[in-house]
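Some notes on the structure that comes next.
Just so it is clear, the structure is predicted and the values come from calculations on it, not from any experiment.
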Amino acid sequence: ASIVQKRIIYFQDEGSLTKKLCEQDSTFDGVTDKPILDCCACGTAKYRLTFYGNWSEKTHPKDYPRRANHWSAIIGGSHSKNYVLWEYGGYASEGVKQVAELGSPVKMEEEIRQQSDEVLTVIKAKAQWPAWQPLNVRAAPSAEFSVDRTRHLMSFLTMMGPSPDWNVGLSAEDLCTKECGWVQKVVQDLIPWDAGTDSGVTYESPNKPTIPQEKIRPLTSLDHPQSPFYDPEGGSITQVARVVIERIARKGEQCNIVPDNVDDIVADLAPEEKDEDDTPETCIYSNWSPWSACSSSTCDKGKRMRQRMLKAQLDLSVPCPDTQDFQPCMGPGCSDEDGSTCTMSEWITWSPCSISCGMGMRSRERYVKQFPEDGSVCTLPTEETEKCTVNEECSPSSCLMTEWGEWDECSATCGMGMKKRHRMVKMSPADGSMCKAETSQVEKCMMPECHTIPCLLSPWSEWSDCSVTCGKGMRTRQRMLKSLAELGDCNEELEQVEKCMLPECPIDCELTEWSQWSECNKSCGKGHMIRTRMIQMEPQFGGAPCPETIQRKKCRIRKCIRNPSIQKLRWREARESRRSEQLREESDGEQFPGCRMRPWTAWSECTKLCGGGIQERYMTVKKRFKSSQFTSCKDKKEIRACNVHPC
């Protein structure tokens, strides 16, 4: 039998199968209602913030953005009560808006540093792509910060991407106790909150600015049916992240009223880790080996040693630290420490809470790194459990841009190179202005050292002949690689290409097709006809000259009749011609046998300016006589040559 609370949360084989499910009281009333008292603690305390992102497709399956889910870079600070980074019921500053909508911490960090008198430490940690990976694959991001009597509050935020304007974070977390001490540990489950600057309801909603801007508020399961956190029953939102704040050191004289417990003393005795690792990023080592046995078997001082191996030195100009480490020691039984002491590992991260809301249990484990030297049994616990409560408050955060894509491959195969990643604008600003958010990022990348020798190349050969015999072409030249290919890649070019120009290619004369033959220029006896063609392209650069553009050929219609009667007819026609010439001036026409003609039109323009063209003119019939028996009463056309001089 099983008790199923939700599709992915169920209880089985738990004794009597009794599970108490309680509704958690909501403490949110629209504002961060948490009175901040003056701090009476002394000295300073140093803390480590560790962020565990639990937002994944398994925990939040509805519309989970598989393509580029991520957490943006963490930004925050330790500050006084006179400065507020963000709070429920307040309005998002421009810095908070840029984190919420763009995932960019730049403006937020600028705002924090402008409050230098109220801020002790700026808290920063890297972004996480993708949003969730097992801890044995990727360590949780962390950052260290300090607090003092006046700057004893801690706030931070990180964007949940992609989203409209949804974030998670803490606001004004007080690390000073009313007993004038410093809080040893804070564990807080986080749900998303809305920055009030974008009205989107899904992870990848288009940009929709909220005008006027609304107050910061937690998301709830009843905000909108399309919301990925929607629950018609109004249940609590499953936590998307957990933050752990642990005190790692105290400095200066302390004045806490309550005496220190064992955990306080152990925490202060633990060696404080360095802020920065002295090992250069260009030196790649294996893990340290276990410590060797002490060189002294008596109570005289000796040494013990551990080693690590240098796997790669990416930059020969940067020296790598030693691969051996020594430590003073004494023989068995001579140490000031108890010989029966166990050496334990650090605790492994807490498991998720056993329930999704209300009170549950969680556990964590550690293992024995070194058993007691006297051979006794190690009695220290290797597992512990504690109660846990899932926080039901929630709030959203949104983004104008899509999430960042994966980094491209490094531009170099060895040595220093560059890599790039991109994102896109989800929607341009409503006012039509340009989106100022960056759409690409570039950063350096280090590949293994280039173990190559300089390329040994032959001299360049002579340039080849031009690829054409006239006009524009290309020519090439080559050189040879003299060094062996196995000694390393050679990126030098082995062939060059450039343009070449030879004298222009000859262009022959181009002409149109011949026109039709003209009519014979005689009505009887021997005459001639002509035809023409036109030059389309003059010869250039020594091309073939243009051939003739006018051709003539003989024509013969009929023999001319030579007898007296015909001669008389010609005289009669001549008289009629002279009479018609007189009538033409009066009747705007020309008289022909059987019809009256219009005057000849003017000669048309010559079809060419030189090289031989043609002109034409026309005469059309104006009136035909009914008694006419002449066949010559029809429209007439004359053609003549013009501009026959050479060009």
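- Distance check, rounded to the nearest 0.5 Å: CG of L190 to CG of L157 gives 11.0 Å.
- Between Q128 and P141, the shortest heavy-atom contact is OE1-CD, 3.2 Å.
- In this structure, L49 and M154 have side chains that are in contact, with non-hydrogen atoms separated by less than 4.5 Å.
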Evaluate the side chain to side chain contact (heavy atoms under 4.5 Å, CB included) criterion for residues T59 and W132: first the C-alpha distance (whole Å), next the side-chain angles of each, then the deciding distance (0.1 Å), finally the verdict.
CA-CA 11 Å; T59 59; W132 181 87; over 6 Å; no

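- Considering all non-hydrogen atoms of both residues, T385 and S363 come closest at CG2-CB, 3.6 Å.
- Residues passing the side chain to side chain donor-acceptor pair (under 3.5 Å) test with E386, sequence neighbours excluded: R362.
- Under the rule for a side chain to side chain donor-acceptor pair (under 3.5 Å), the partners of D325 that lie at least two apart in sequence or sit in another chain are R306.
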Going through the distances and angles, do C176 and C39 end up as a disulfide (SG to SG under 2.5 Å)?
CA-CA 6 Å; C176 181; C39 180; 2.2 Å; yes

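- A donor-acceptor pair is defined here as one N or O able to donate and one able to accept, closer than 3.5 Å; no such pair exists between the side chain of T44 and the backbone of D148.
- Between E173 and L153, the closest side-chain pair of non-hydrogen atoms is not below 4.5 Å.
- Residues satisfying the salt bridge (charged side-chain N to carboxylate O under 4.0 Å, His left out) criterion with E118, sequence neighbours excluded, are absent altogether.
- Every residue meeting the ring pair (Phe, Tyr, Trp, His ring centres under 6.0 Å) condition with Y47, not counting sequence neighbours, appears here in chain and number order: F145.
- Between K81 and D38 there is a salt bridge, since a side-chain N of the basic residue sits under 4.0 Å from a carboxylate O of the acidic one.
- The side chain to side chain donor-acceptor pair (under 3.5 Å) test applied to S289 returns no partner, not counting sequence neighbours.
- Between the side chain of R250 and the backbone N or O of A45, no donor-acceptor pair lies under 3.5 Å.
- Here the closest non-hydrogen pair linking P162 and N69 is CD-CA, 4.0 Å.
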Using the rule given for side chain to side chain contact (heavy atoms under 4.5 Å, CB included), can you reason through K124 versus I74, listing the C-alpha separation, both sets of side-chain angles and the distance that settles it, and then say yes or no?
CA-CA 5 Å; K124 297 164 64 177; I74 293 173; over 6 Å; no

Could you go through M108 and Q98, starting from their C-alpha distance and side-chain angles, then the distance that decides it, and tell me whether this counts as side chain to side chain contact (heavy atoms under 4.5 Å, CB included)?
CA-CA 8 Å; M108 186 77 251; Q98 288 196 17; over 6 Å; no

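- Around CD of E409, the count of heavy atoms belonging to other residues, nucleotides or ligands within 6.0 Å does not exceed 12.
- In this structure K178 satisfies the salt bridge (charged side-chain N to carboxylate O under 4.0 Å, His left out) test with no other residue, sequence neighbours excluded.
- Checked by atom type, the side-chain pair R304/Q327 shows a donor-acceptor distance below 3.5 Å.
- For the pair V168/V240, a side-chain contact is recorded, criterion being any heavy-atom separation below 4.5 Å from C-beta on.
- For E383, there are no salt bridge (charged side-chain N to carboxylate O under 4.0 Å, His left out) partners two or more places apart in sequence or in a different chain.
- The salt bridge (charged side-chain N to carboxylate O under 4.0 Å, His left out) search around K420 returns none, not counting sequence neighbours.
- Applying the side chain to side chain contact (heavy atoms under 4.5 Å, CB included) test to E443 and every residue at least two apart in sequence or in another chain returns W407, K419.
- The side-chain heavy atoms of R242 and V187, taken from C-beta on, include a pair separated by under 4.5 Å.
- When atom types are taken as modelled, the side chain of R247 and the backbone of W182 share a donor-acceptor pair closer than 3.5 angstrom.
- The minimum heavy-atom distance linking G181 with A41 is given by the pair O-CB, 3.8 Å.
- Salt bridge annotation for R48-E246: absent, with no cationic side-chain nitrogen under 4.0 angstrom from a carboxylate oxygen.
- Disulfide status for C445 with C410: present, SG atoms under 2.5 Å apart.
- Residue L222 holds its CG atom at 6.5 Å from OH of Y230, rounded to the nearest 0.5 Å.
- At distances below 3.5 Å, at least one donor-acceptor pair connects side-chain atoms of S171 with backbone N or O atoms of W86.
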Step by step, work out the side chain to side chain contact (heavy atoms under 4.5 Å, CB included) result for I112 and E109.
CA-CA 5 Å; I112 295 172; E109 183 176 354; 5.6 Å; no

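- Considering CD1 of I248 and OG of S146, their distance stands at 8.0 Å, rounded to 0.5 Å.
- Residue W288 holds its CH2 atom at 13.0 Å from CE of M309, rounded to the nearest 0.5 Å.
- Contact annotation: the side chain of K251 never approaches that of K46 to less than 4.5 Å [non-hydrogen atoms, C-beta and beyond].
- Using a distance-only test at 3.5 Å, with no hydrogens or angles considered, a donor-acceptor pair links the side chain of R138 to the main chain of P130.
- Here Y64 pairs with W55 under the ring pair (Phe, Tyr, Trp, His ring centres under 6.0 Å) rule; sequence neighbours left out.
- Cys pair C255 and C180 fails the test of SG atoms under 2.5 Å apart.
- I75 contributes atom CD1, which lies 10.5 Å from atom OG1 of T158 (distance to the nearest 0.5 angstrom).
- No side-chain heavy atom of H60 sits under 4.5 Å from any side-chain heavy atom of P228.
- Residues S72 and V99 share a closest heavy-atom pair of OG-CG1, 4.3 Å.
- Legend: residues meeting ring pair (Phe, Tyr, Trp, His ring centres under 6.0 Å) with Y83, ordered by chain and number and at least two apart, are H79.
- A distance of 4.5 Å separates CG in L120 from OG in S78, rounded to the nearest 0.5 Å.
- In this structure, the side chains of D174 and H152 come closer than 4.5 Å at one or more pairs of heavy atoms.
- Of all heavy-atom pairs spanning G53 and W71, the tightest one is CA-NE1, 3.6 Å.
- Scanning for side chain to side chain donor-acceptor pair (under 3.5 Å) contacts around E111 gives S93, with sequence neighbours left out.
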